[in-house]
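All values reported here derive from a predicted model rather than from experimental measurement. No hydrogens, no waters, no symmetry mates; every other heavy atom, side chains included, goes into these values. In what follows, residues are counted from 1 in the order of the sequence shown.
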Amino acid sequence: MLARVMNYCSSTSCFNHYLFQCQQRRVLQHPLLLSDLLQRLERIHQPRSRIHPCVEIGSEVTIRHILTHGCVGDVFTFQLVEPSRANPHQGLVSYLSPVGLALLALPLGAEFSVVSGASESRWRLMALNRKGASNE
């Protein structure tokens, strides 16, 4: 509880965790992350993404944390937004956050991992609503 009051959380069970925080500087200064971002942005603008919906900027998503041995963890619902609109406490997560980067261009039901340093967390995309997406 004290960690939440101090605006930091080491558990992936809250939006204060670094996985949901914008990492704009890190992404723009890291050539491999930037290349991956540009490829994902190109993929969501291809015509087939309308037939097989995928996560794009503006999408509302629900993800579930997958714990070890297939157990399921916390569920988060948020909208993927531009870094200037990001506010994880209001359910607005930047596409330049670690989770946002991993989600871009993924189809519904996809499992993905987010690696940071020595830790890795597994997630599943449970719901996808593209109503607020930029291509609609």
Side-chain donor-acceptor pairs under 3.5 Å in residues 104-114, sequence neighbours left out?
| residue | atom | partner | partner atom | Å |
| --- | --- | --- | --- | --- |
| E111 | OE1 | R122 | NH2 | 3.0 |
| E111 | OE2 | R124 | NE | 3.3 |
| E111 | OE2 | R124 | NH2 | 2.0 |
| S113 | OG | E120 | OE2 | 3.2 |

Revision key, fill the gap. Value for OH (Y95) from CD (E56), rounded to nearest 0.5 Å, stands at 13.0 Å
**Study point:** Under 3.5 Å donor-acceptor, Q79 side chain and E60 backbone
**Key:** no
Practice item. Give the minimum heavy-atom separation between S121 and H65, together with the two atoms involved. Key: CB-NE2, 3.7 Å
Review point. Run the side chain to side chain contact (heavy atoms under 4.5 Å, CB included) check on V99 and F76 step by step: do they pass?
Key: CA-CA 11 Å; V99 166; F76 294 94; over 6 Å; no
Check your understanding: Is it true that a side-chain atom of S94 and a backbone atom of L96 form a donor plus acceptor pair closer than 3.5 Å?
Key -> yes
Exercise for review: Begin with the C-alpha distance, continue with both residues' side-chain angles, and end with the deciding distance and a verdict on side chain to side chain contact (heavy atoms under 4.5 Å, CB included) for L125 and V61.
Suggested key: CA-CA 7 Å; L125 179 57; V61 299; 3.8 Å; yes
Check your understanding: When rounded to the nearest 0.5 angstrom, what distance separates CG in L103 from CD1 in I57?
Key -> 12.0 Å
